[in-house]
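Excluded from the calculations below are hydrogen atoms, water molecules and symmetry mates; all remaining heavy atoms, backbone and side chain alike, are included. In this text, all values refer to a predicted model and were calculated from it rather than measured experimentally. Lettering follows sequence order; numbering is per chain, from 1.
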Amino acid sequence: MLSEQEQIRRDSLQKIIDYGINPYPAAEFKFSHYSIDILENFKEGEKVIIAGRLMRRKIQGKASFGSILDSKGKIQVYFNRDVICPSEDKSMYNDFFKKWLDLGDILGIEGKVFKTMVGEISINVDKFHLLSKSLKPLPQPKTDNQGIIHDGFNDPELRYRRRYVDLVVNENVKETFIKRTKIINSMRNFLSKKDFLEVETPILQTIPGGAAAKPFITHHNALDVPLYLRIANELYLKRLIVGGFDGVYEFAKDFRNEGMDRTHNPEFTQMEIYVAYKDYQWMMNFTEDMLEFICNEVLGTTQVKIGNEKVNFKKPFRRISMTDSILEHTGIDISNMSEKELRKACKSIGVEVSDSMGKGKLIDEIFGEKCEGSYIQPTFITDYPVEMSPLCKKHRDNPELTERFELMVNGKELANAYSELNDPIDQKERFEEQVKLAEKGDDEAMFIDLDFIRALEYGMPPTSGMGIGIDRLVMFLCNQPSIQEVLLFPQMKPEKWETGPNKSEFLEINIPPQWIIPIYESGYTTKELLLEAKPTAVHQKLNGYRKKNKLDIPAVLLEEVLSWFK
RNA sequence: GAUUCGUUAGCUCAGCUGGUAGAGCACAUCCCUUUUAAGGAUGGGGUCCUGGGUUCGAACCCCAGACGAAUCACCA
């Protein structure tokens, strides 16, 4: 059912067509300027052609003001009847402009630049062209002179579902996504300048490896095998290091079939990089360099406001081992504890544990509960327990630990890196440990990838690898509190659509076609619902609907309604 | 999955102790040649999320459900 305003717009559309104007012309529209060019470089009397959406219109007799929104901003346009219609025929102004155009229509404007009496740079319109008619009214947020937004389009659900409306109506939203692209470009520049090779690896994988997470499963018909959407690309990038590339990276969409909240979306972007002959110490320096570079290039500063915190991405970042961090925050020294002792320690400080947790998971629980949140400034947490990191090389000084770091920012994990495990025998044993964990009930334990082991058997140089969450980085640098704000189209529950009446079932009981919509709109959405109702009530409702909607069909007779019920 | 809050016009929101559904913007008609969130006048527009219940009477109270948001849990 169309709203009154939608119906009015459709009527205007018909009048425009009847007037002889195509509301959806095909031809290229050549424009000479963006709004911002005109505003920043004012030349009185300059002839300009612009294109954009009509966002404001104020008719004042023979003169009118409007605003045109293009991809770079807004500019005011001034319509004068006798300029637009120099001859006797004033219909272009009186009818077409004043009556048949609506806010949201996309126009091409030809005119001359001038300043109004109040001093606003505007375009005095000579000619305007309808480039596309808008049939649905946009929300109309307005900003007053104190910067307060009235009638904002704020409902997060509507904003995400109708991102196109959000982008039109809420200026800062566009900025976030422009910045997102700048951040990615800046990272790519940094990496390619260092001669690393950007590559693409499979998204459909037969074994979802490289991380611990539940995958999405799909099926390949021709091969008749299950395929998984990747949860990570790590194992493929390492195969390329085996193949002899010294440095490879990929901006990768990964998919994890897990919960959604303001920091998790089922599909998300990671940048992973692997560099031969390096270790995790080198990678820490590299990561600092990269983040400092990006901040300076995109923001012009390393000082970033995140919520109420001020975070500084200037290197060097603090480095602390996980053991020291736990000692610092809980006073407990876990360095020589057995699994049993760890369990006890967890209980003593109120960290909940379950039987399926191994030693590594216990330590991680403590860290997650007691330490993680306190690292606001960029901090490298290093040397994770070996059980948690099945793809990571054992620490050179302590076989219980691994050469791994995570970069914490604002209490969240931003990046994760290893000195990569390149010993195929050790790797096989670690995978087997994972299988045992899976049997114990850990549904996120890793799958064994025998081809990856085989690749390592051919020999992989010592390598360091790092993955960084692009969505989180963008959240930080744009000071956005949720991942939905930095994804153009965040995952949403499917929308329910009104499907309309099933016409054939109504036709079956001899209902005339012109009455089907009124019956449906009156609440009798199925044949069953209709036949459950009282014929007299149906009769009255339908004629009421006819009157209200001024239908151009004869009123239905009670006998006719009764005949449907036979 | 748990808790809390919410769902009223196209948009943003009021709606008192249960008593005839409201405002601003948007829209329509008319007037107006320079307005800066809203020029003037007039007008149209509602499944008060859905379904039950209580009541003479429900947007409002009760029960159930749908949808959404926040927080928590889950997610190295």
Peer 1: Walk me through whether A/E272 and A/R230 qualify under salt bridge (charged side-chain N to carboxylate O under 4.0 Å, His left out).
Peer 2: CA-CA 13 Å; A/E272 290 203 34; A/R230 71 175 167 206; over 6 Å; no

Peer 1: Assess the side chains of A/S122 and A/N124: does a donor N or O sit below 3.5 Å from an acceptor N or O?
Peer 2: no

Peer 1: Without decimals, in angstroms, what is the distance between A/N80 CG and B/U34 P?
Peer 2: 10 Å

Peer 1: Just how far, in rounded Å, is C1' of B/A38 from NZ of A/K58?
Peer 2: 8 Å

Peer 1: Please determine, for the side chain of A/Q5, which listed nucleotide (B/G10, B/U35, B/A76) has the closest atom?
Peer 2: B/G10

Peer 1: Taking any strand in view, what nucleotide pairs with B/C5 in a Watson-Crick or G-U wobble way, both distances under 3.5 Å?
Peer 2: B/G68

Peer 1: Tell me: CG of A/D261 to P of B/A2, nearest whole Å?
Peer 2: 17 Å

Peer 1: Classify the nucleic acid contact of A/R404 as base, sugar-phosphate or nothing, counting any heavy atom under 4.0 Å across all strands shown.
Peer 2: base

Peer 1: Classify the side chain of A/Q140 versus the base of B/U12 as yes if they form a donor-acceptor pair under 3.5 Å and no if they do not.
Peer 2: no

Peer 1: Please state how far atom CD in A/E365 lies from atom C1' in B/A73, giving the value in whole angstrom units.
Peer 2: 12 Å

Peer 1: Nearest to the side chain of A/Q60, which nucleotide is it out of B/C75, B/U34, B/A76?
Peer 2: B/U34

Peer 1: Expressed as a whole number of Å, how far does the P atom of B/U42 sit from that of B/C25?
Peer 2: 13 Å

Peer 1: Taking only residues at least two apart or on different chains, which pairs with a member in residues 403-418 of chain A satisfy salt bridge (charged side-chain N to carboxylate O under 4.0 Å, His left out)?
Peer 2: A/R396-A/E403, A/R404-A/E406

Peer 1: Base, sugar-phosphate or nothing for A/M446? Non-hydrogen atoms, less than 4.0 Å.
Peer 2: base

Peer 1: Both distances under 3.5 Å, Watson-Crick or G-U wobble: report the partner of B/U29, or none.
Peer 2: B/A41

Peer 1: Can A/D426 and A/R430 be said to form a salt bridge (charged side-chain N to carboxylate O under 4.0 Å, His left out), step by step?
Peer 2: CA-CA 6 Å; A/D426 190 359; A/R430 303 268 202 104; 3.2 Å; yes

Peer 1: How is A/T143 classified with respect to the nucleic acid when contacts are heavy atoms under 4.0 Å: base, sugar-phosphate, or nothing?
Peer 2: sugar-phosphate

Peer 1: When the C1' atoms of B/U17 and B/A58 are compared, how many Å lie between them, rounded to an integer?
Peer 2: 14 Å

Peer 1: Do NZ/NE/NH1/NH2 and the carboxylate oxygens of A/R162 and A/D166 come within less than 4.0 Å?
Peer 2: no

Peer 1: Please tell me which of the listed nucleotides, B/G68, B/U35, B/U33, lies nearest to the side chain of A/D155?
Peer 2: B/G68

Peer 1: Could you tell me which nucleotide pairs with B/U34 by Watson-Crick or G-U wobble geometry, both distances under 3.5 Å, or answer none if nothing does?
Peer 2: none

Peer 1: Distance check, P atoms only: B/G10 and B/U50, in whole angstrom units.
Peer 2: 14 Å

Peer 1: Kindly point out which of B/G68, B/U36, B/A26 is positioned nearest to the side chain of A/K142?
Peer 2: B/A26

Peer 1: Between B/A38 and B/A2, how far apart are the P atoms? Round to whole Å, please.
Peer 2: 48 Å

Peer 1: Does B/G10 have its OP1 or OP2 closer than 4.0 Å to a side-chain nitrogen or oxygen of A/R9?
Peer 2: no

Peer 1: How far does the C1' atom of B/A9 sit from the matching atom of B/A28, given to the nearest Å?
Peer 2: 15 Å

Peer 1: Indicate whether the side chain of A/Y93 and that of A/S64 have a donor and an acceptor atom separated by less than 3.5 Å.
Peer 2: yes

Peer 1: B/C31 P sits how many Å from A/K99 NZ, rounded?
Peer 2: 9 Å

Peer 1: A/K436 vs A/E433, test: salt bridge (charged side-chain N to carboxylate O under 4.0 Å, His left out). Steps then yes/no.
Peer 2: CA-CA 5 Å; A/K436 278 185 206 152; A/E433 279 301 310; 3.5 Å; yes

Peer 1: Centre of A/F97's six-membered ring, under 6.0 Å away, within 45 degrees of the axis: is that where NZ or CZ of A/R57 sits?
Peer 2: yes

Peer 1: If B/A14 has a Watson-Crick or G-U wobble mate with both distances under 3.5 Å, name it; if not, just say none.
Peer 2: none

Peer 1: Between A/L101 and A/M117, which is nearer to the 5' end of RNA chain B once each is assigned its nearest nucleotide?
Peer 2: A/L101

Peer 1: Rounded to the nearest angstrom, tell me the gap between atom NE2 in A/H264 and atom C1' in B/A76.
Peer 2: 10 Å

Peer 1: Quick one: which residue pairs count as a salt bridge (charged side-chain N to carboxylate O under 4.0 Å, His left out) with a foot in residues 89-100 of chain A, not counting sequence neighbours?
Peer 2: A/D82-A/K90, A/D95-A/K99

Peer 1: So, under a plain 3.5 Å distance rule, would you say the side chain of A/S64 forms a donor-acceptor pair with the base of B/U33?
Peer 2: no

Peer 1: Let's see if you can work this out: which of B/A69, B/U34, B/C11 has an atom nearest to the side-chain heavy atoms of A/D151?
Peer 2: B/C11

Peer 1: Given B/U35, B/C74, B/G24, identify the nucleotide with an atom nearest to the side chain of A/E120.
Peer 2: B/U35

Peer 1: Name the closest nucleotide to the A/Y78 side chain, picking from B/A26, B/U33, B/U35.
Peer 2: B/U33

Peer 1: Quote, to the nearest angstrom, the C1' distance that separates B/A37 from B/G43.
Peer 2: 24 Å

Peer 1: Look at all strands and tell whether A/I59 reaches a base, only sugar-phosphate, or nothing, counting heavy atoms closer than 4.0 Å.
Peer 2: base

Peer 1: Please give the nucleotide sitting opposite B/A76 as a Watson-Crick or G-U wobble pair, both distances under 3.5 Å, or none.
Peer 2: none

Peer 1: Rounding to a whole Å, what distance do you find between A/E6:CD and B/A28:P?
Peer 2: 14 Å

Peer 1: In whole Å, what separates the C1' atom of B/U55 from that of B/C63?
Peer 2: 16 Å

Peer 1: Where the side chain of A/E258 is defined as all heavy atoms beyond and including C-beta, which of B/A76, B/U34, B/C27 is the nearest nucleotide?
Peer 2: B/A76

Peer 1: Give A/R81 one of three labels, base, sugar-phosphate or nothing, depending on what nucleic acid heavy atoms sit under 4.0 Å from its own.
Peer 2: nothing

Peer 1: Need one value for A/E157: base, sugar-phosphate or nothing, where a base atom within 4.0 Å counts as base even if backbone is also close, heavy atoms only.
Peer 2: sugar-phosphate

Peer 1: Taking the side chain of A/P137 as its heavy atoms from C-beta onward, which of B/A76, B/U34, B/G10 lies nearest to it?
Peer 2: B/G10

Peer 1: Looking at A/K133 and A/D102, is there a salt bridge between them, counting it only when a charged N and a carboxylate O are closer than 4.0 Å?
Peer 2: yes

Peer 1: Roughly how many Å apart are B/C16 and B/C61, using the P atom of each and rounding to a whole number?
Peer 2: 9 Å

Peer 1: A/R162 has an atom CZ; how far is it from atom C1' of B/C11, in whole Å?
Peer 2: 11 Å

Peer 1: Contact list please: residues 83-95 of chain A against RNA chain B, heavy atoms, distance less than 4.0 Å, in numerical order.
Peer 2: none

Peer 1: Would A/S482 and A/E485 count as having a side-chain donor-acceptor pair, cut-off 3.5 Å?
Peer 2: no

